[in-house]
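Below is one structure, written out as structure tokens; comments come after it.
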Amino acid sequence: MLRLKAVAAVGNSPADETGGDDRGSLHESGNRKSAIRSLRQKWIGSNHADWICPARLPRLSLTIPVNECNGDFSTVEGGWALVDRSKMLYSQTNHMRAGRFVRAVLFGAVKVAILAGVVYLVCMAALKASEATLPSAKELCDRVRPGMTVEQIETATRTFEGWQVLRYDGVMVISAHSDYDKSPVCRVTIDPSTHRASSMSIGPIQMGDWPTL
Amino acid sequence: MRKFVPKLSDWILLVLAVLLIVWPMLLIPLRGWGTLSFASGYREVHIGMTWDEWKQLQRRYGVEGTCDATDCFVDDVLRTYNVTFRKSGDEPLKIWSERVYVHFPLSYRIQLRDLYQAFRGLLT
């Protein structure tokens, strides 16, 4: 990454105008430290404070403005600044590291958020698909036969989601929906003398079908 | 095309994203020292089961539930199992309703409520 940036900076630099071979030397340097050392030698020289255009320094940090030094060397208005070049390079390197780290963390967080959204949607889609395959009240009632005991009815009508209630009046209410929504339920009347199913019916949910209703 | 091939870091981020979504489902069973799945235990629950039988069933499957008035809840990774007890006359407490539901995404609300209560407890 650094090498590419440094090469790009060299491309904009006066070295290109003079036909310098910085690009080649950067490629040969191979690692970051030697790249910085090489650039320092070529573009800064000794550690003097001097009038220098920040944009003509190797662009190692995003904090350095680009294309601000189009004036000549004698003007300040063109974006020239008095800098200690050695400190600037050191600062640039630190900024680069911190910037890289912050960018990587932010980018990773955004990626995780997007992936989490996708995973959430997949889970919701799977849930909706499983709800769609739940039996209707009619299908539940069809599983019940007259003469079945409460336990047999329970076993026959048990679904992935749903509820079963034996009301005080001996009516068993069965639904394959987890929520107490407006979808119809299956009602099985239990004969109090035999404790077996006597009749089945389908209808909307009513008060008393569930303790809280 | 090679740039579209997921890197190791992408897989790590995907695992983090999955954990971000499923953490309430992982935490809910832990809250009650529950189990990954109580489905087979729930199949043994029946209307008319007494309180003692219910506690025995829980012990057998190594789960603990939370009870609120007449309702008892057992959570596993995917679903919540809710039974309601009723007492009539001199008879012991007996189950008279049973309900099972998937607690996703409801689990987020439960966890956020628990976190909020814990936060309030810290403040007071």
Side-chain angles (χ1 to χ4, degrees), chain A residues 104-105 107-131 134 149-181 188 190 195 208-213, chain B residues 6-25 37-49 53 68-73 76-89 91 94-108:
Chain A
V105 168
F107 190 61
V110 170
K111 255 186 167 178
V112 166
I114 292 170
L115 286 171
V118 171
V119 171
Y120 182 89
L121 288 177
V122 167
C123 290
M124 282 305 289
L127 189 59
K128 292 288 171 197
S130 75
E131 277 178 6
L134 288 172
T149 62
V150 171
E151 203 162 335
Q152 283 173 329
I153 297 167
E154 271 186 278
T155 311
T157 56
R158 207 181 286 275
T159 50
F160 186 70
E161 278 190 277
W163 49 271
Q164 298 159 320
V165 177
L166 182 61
R167 287 186 346 196
Y168 279 105
D169 55 3
V171 175
M172 193 167 173
V173 189
I174 307 157
S175 172
H177 291 264
S178 58
D179 298 320
Y180 314 114
D181 52 11
V188 182
I190 307 292
H195 299 287
D209 280 344
W210 189 259
T212 52
L213 287 175
Chain B
K7 294 174 286 184
L8 177 66
S9 60
D10 292 334
W11 290 115
I12 293 169
L13 291 180
L14 181 63
V15 169
L16 282 178
V18 170
L19 285 177
L20 192 69
I21 295 300
V22 303
W23 71 269
M25 282 169 266
S37 174
F38 185 60
S40 52
Y42 182 68
R43 273 195 287 274
E44 293 182 30
V45 176
H46 58 268
I47 288 173
M49 194 179 211
E53 287 171 330
D68 173 16
T70 55
D71 282 286
C72 283
F73 300 86
D76 66 14
V77 172
L78 189 60
R79 298 188 290 178
T80 298
Y81 307 87
N82 168 210
V83 293
T84 311
F85 286 90
R86 177 174 64 183
K87 186 170 172 56
S88 59
E91 286 188 348
K94 281 184 179 175
I95 290 175
W96 71 298
S97 79
E98 52 196 39
R99 178 186 171 217
V100 58
Y101 56 93
V102 174
H103 54 222
F104 175 83
L106 183 72
S107 46
Y108 286 93

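Keep in mind that what you see is a predicted model, and the values were worked out from it rather than measured.
- Using modelled atom types, one side-chain atom of A:E161 and one backbone atom of B:V102 make a donor-acceptor pair closer than 3.5 Å.
- Taken from NE2 in B:H46 to CD1 in A:I153, the straight-line distance is 14.0 Å, to the nearest 0.5 Å.
- Counting only distance, with no hydrogens or angles, the side chain of B:R43 and the backbone of A:R158 share no donor-acceptor pair below 3.5 Å.
- Of the residues considered (B:I47, B:I95, B:V22), B:I47 shows the highest number of contacts with chain A, using heavy-atom pairs under 4.5 Å.
- Close approach to chain B, defined as a heavy atom under 4.5 Å from one of its heavy atoms, is seen in A:K111, A:V112, A:L115, A:A116, A:V119 of residues 111-119 of chain A, taken by number.
- A side-chain hydrogen bond (donor to acceptor under 3.5 Å, both in side chains) check over residues 114-128 of chain A, counting only residues at least two apart or in different chains, returns nothing.
- Put simply, the side chain of A:H177 does not reach to within 4.5 Å of the side chain of B:Y101, judged on heavy atoms.
- Contacts of A:S130 with chain B are absent, with no heavy-atom separation under 4.5 Å from either backbone or side chain.
- Looking at A:Q164, both its backbone and its side chain come within 4.5 Å of chain B, counting heavy atoms on both sides.
- The nearest pair of heavy atoms linking B:F104 to A:L127 is O-CD2, 3.0 Å.
- Of the atoms belonging to B:L14, heavy atoms from both backbone and side chain fall under 4.5 Å from chain A.
- Contacts between A:M172 and chain B at a heavy-atom distance below 4.5 Å involve the side chain alone, from C-beta outward.
- When the ring pair (Phe, Tyr, Trp, His ring centres under 6.0 Å) test is applied to B:Y42, the partners found at least two apart in sequence or on another chain are B:Y81.
- Atom CD1 in B:I21 sits 8.5 Å away from atom CG in A:L121 (nearest 0.5 Å).
- Remark: A:Y168 OH to B:R86 CZ distance equals 5.0 Å, nearest 0.5 Å.
- Side chain of B:E98 to main chain of A:W163: no donor-acceptor pair is present (N/O by atom type, distance under 3.5 Å, no hydrogens or angles).
- Every residue two or more places apart in sequence or in another chain that forms a salt bridge (charged side-chain N to carboxylate O under 4.0 Å, His left out) with A:D169 is listed here: A:R167.
- Residues B:L13 and A:G108 share a closest heavy-atom pair of CD2-O, 4.0 Å.
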